[in-house]
Amino acid sequence: MVRESTETFLAHRNLLFTVARGMLGSAAAAEEVLQETWLHWRTIDSEHIGDPRTHLIRILTRQSMHRLRSANHPGEYGPWLPESLQTAPDSHAELAETMSMALQLALDTLSPTERAVYILRDSFDLGYDEIAEAVGLTTPVVRDLAYRARRHITVRRPHRPVSPDRARAAAESLRRALDSGDTQALHDLLAPDAVLVSDAGGAGSPVRPITGAAKVARFVAAGLGVGAASLTCEPVDGAPALTVRADGAPHSVLAMALDGDRITGLYLVCGCCPKRSSARAGEDSPARADEGG
């Protein structure tokens, strides 16, 4: 039974990690919740569970909601921004939409229950009955929460979709402008009301958002004047972004939000290599970080 229980957990591990990552905005916190889910799951006689996937999602969702509700402040899992997780171009297809910085910031304005319902419904297309079981509410209430959360998110996200090719081109244009120190070129890439938000994780990072194309362009030109560092365009959380390297090691990530042809948001995440935590995970735990996810 232990073997079957482990195999069932591993079969759904990537989905569980991505759901937790979307809810908590942190790879490290997601792995901790994944470990808690595994510890709970291993005590259950899974042979008597009709739908293991739904049951696992219910355990993980409730653990994540508990963490969100008990957080000391909204930035518990990142002082300003959700923690960035670098990915290979084709890995974790769900991350491209679920983990985008713009969506994560919008999700931060939802209640824990609304956040869970939105992610499970709109990002993973779970049925309303399945979500209701996961969050412990009735199906009609979940439908209402999903509608309200979707409407809330819609007004806080870009209205004109941008193709992956256009996003990559924008990231490359941003890199060239930064490499050349051309403040005017930076300004031209930005929407008039563009905003820069930092996680305040490094010296010189702004503790408050910077608003307006001119101010954002000046800060980015000065703050990311790479000097001995280097800038590369790499996928981060499934979307094009810039990685700043110093002495060959990643130092920070500059993610973007686009609306049409202009950059509307820049998100500077310092210390972009998260320490993946699995404090209670033993070497034989299928929930530990290096199993994938």
Side-chain angles (χ1 to χ4, degrees), residues 1-78 82-85 87 91-92 94-95 98-99 104 107-108 110-121 123-124 126-127 129-137 142 237 273-293:
M1 185 182 75
V2 174
R3 180 177 179 180
E4 288 78 5
S5 179
T6 301
E7 290 176 349
T8 299
F9 183 87
L10 286 173
H12 300 293
R13 187 193 185 284
N14 285 350
L15 170 64
L16 296 171
F17 172 84
T18 310
V19 170
R21 171 76 159 79
M23 289 193 64
L24 301 174
S26 165
E31 285 175 351
E32 289 174 0
V33 168
L34 200 63
Q35 177 66 11
E36 292 166 3
T37 301
W38 161 245
L39 292 174
H40 186 98
W41 173 253
R42 68 189 299 184
T43 67
I44 297 173
D45 184 358
S46 58
E47 290 183 349
H48 296 91
I49 294 176
D51 186 351
R53 175 176 176 268
T54 297
H55 199 84
L56 281 165
I57 289 173
R58 180 177 64 81
I59 297 171
L60 179 124
T61 299
R62 293 187 179 182
Q63 294 279 9
S64 299
M65 290 168 60
H66 174 72
R67 285 202 170 215
L68 289 171
R69 288 170 177 156
S70 62
N72 292 328
H73 54 83
E76 177 82 12
Y77 301 111
E83 173 187 84
S84 269
L85 174 70
T87 65
S91 69
H92 293 293
E94 300 97 336
L95 289 177
T98 308
M99 299 302 115
Q104 281 287 306
L107 287 172
D108 282 344
L110 299 178
S111 71
T113 305
E114 288 173 332
R115 188 165 179 159
V117 169
Y118 180 87
I119 289 173
L120 294 175
R121 179 61 184 173
S123 296
F124 297 98
L126 268 65
D129 291 341
E130 193 173 6
I131 297 171
E133 183 176 344
V135 299
L137 296 171
V142 164
D237 290 342
C273 293
K275 293 182 179 178
R276 307 191 114 191
S277 172
S278 192
R280 291 184 294 166
E283 287 300 313
D284 61 344
S285 169
R288 63 192 177 98
D290 57 359
E291 285 290 342

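Worth saying up front: this structure is predicted, and the values here are computed from it rather than measured. Just the heavy atoms: all of them, side chains too, but no hydrogens, waters or symmetry mates, feed the values below.
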- Which residues satisfy the salt bridge (charged side-chain N to carboxylate O under 4.0 Å, His left out) test with Glu133, sequence neighbours excluded? none
Any side-chain heavy-atom pair of [X] and [Y] under 4.5 Å:
X     : Y     : answer
Trp41 : Leu60 : no
Glu36 : His66 : no
Ile44 : Ile59 : yes
Val33 : Met23 : no
Trp38 : Thr6  : yes

- Trace of the side chain to side chain contact (heavy atoms under 4.5 Å, CB included) decision for Leu24 with Glu32: CA-CA 11 Å; Leu24 301 174; Glu32 289 174 0; over 6 Å; no
- Task: Could you grab the distance from atom NE2 of His12 to atom CZ of Phe9, nearest 0.5 Å is fine?
- Result: 10.5 Å
- Task: To the nearest 0.5 Å, tell me how far Ile119 CD1 sits from Leu126 CG.
- Result: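 Answer for the CD1-CG pair, Ile119 versus Leu126, is 11.5 Å.
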- Item | Thr37 and Arg13 side chains, donor-acceptor separation under 3.5 Å |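 Per modelled atom types, Arg13 and Thr37 side chains form no pair under 3.5 Å.
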- Query: Given Ile57 and Leu15, is the side chain to side chain contact (heavy atoms under 4.5 Å, CB included) satisfied, shown in steps?
  - Reply: CA-CA 9 Å; Ile57 289 173; Leu15 170 64; 4.0 Å; yes
- Residues at least two apart in sequence or cross-chain that pass side-chain hydrogen bond (donor to acceptor under 3.5 Å, both in side chains) with Thr54, listed by chain then number, are Asp51, Glu130
- Counterpart residues, side-chain hydrogen bond (donor to acceptor under 3.5 Å, both in side chains), relative to His55 (two or more places apart): Arg58
- Within the distance-only criterion (no hydrogens, no angle test), does the side chain of Ser123 pair as donor or acceptor with the backbone N or O of Leu120 below 3.5 angstrom? no
- Tell me, with the steps shown, if Leu34 and Arg21 meet side chain to side chain contact (heavy atoms under 4.5 Å, CB included). CA-CA 10 Å; Leu34 200 63; Arg21 171 76 159 79; over 6 Å; no
- Could you walk me through whether Arg62 and His40 pass the side chain to side chain contact (heavy atoms under 4.5 Å, CB included) test, one step at a time? CA-CA 12 Å; Arg62 293 187 179 182; His40 186 98; over 6 Å; no
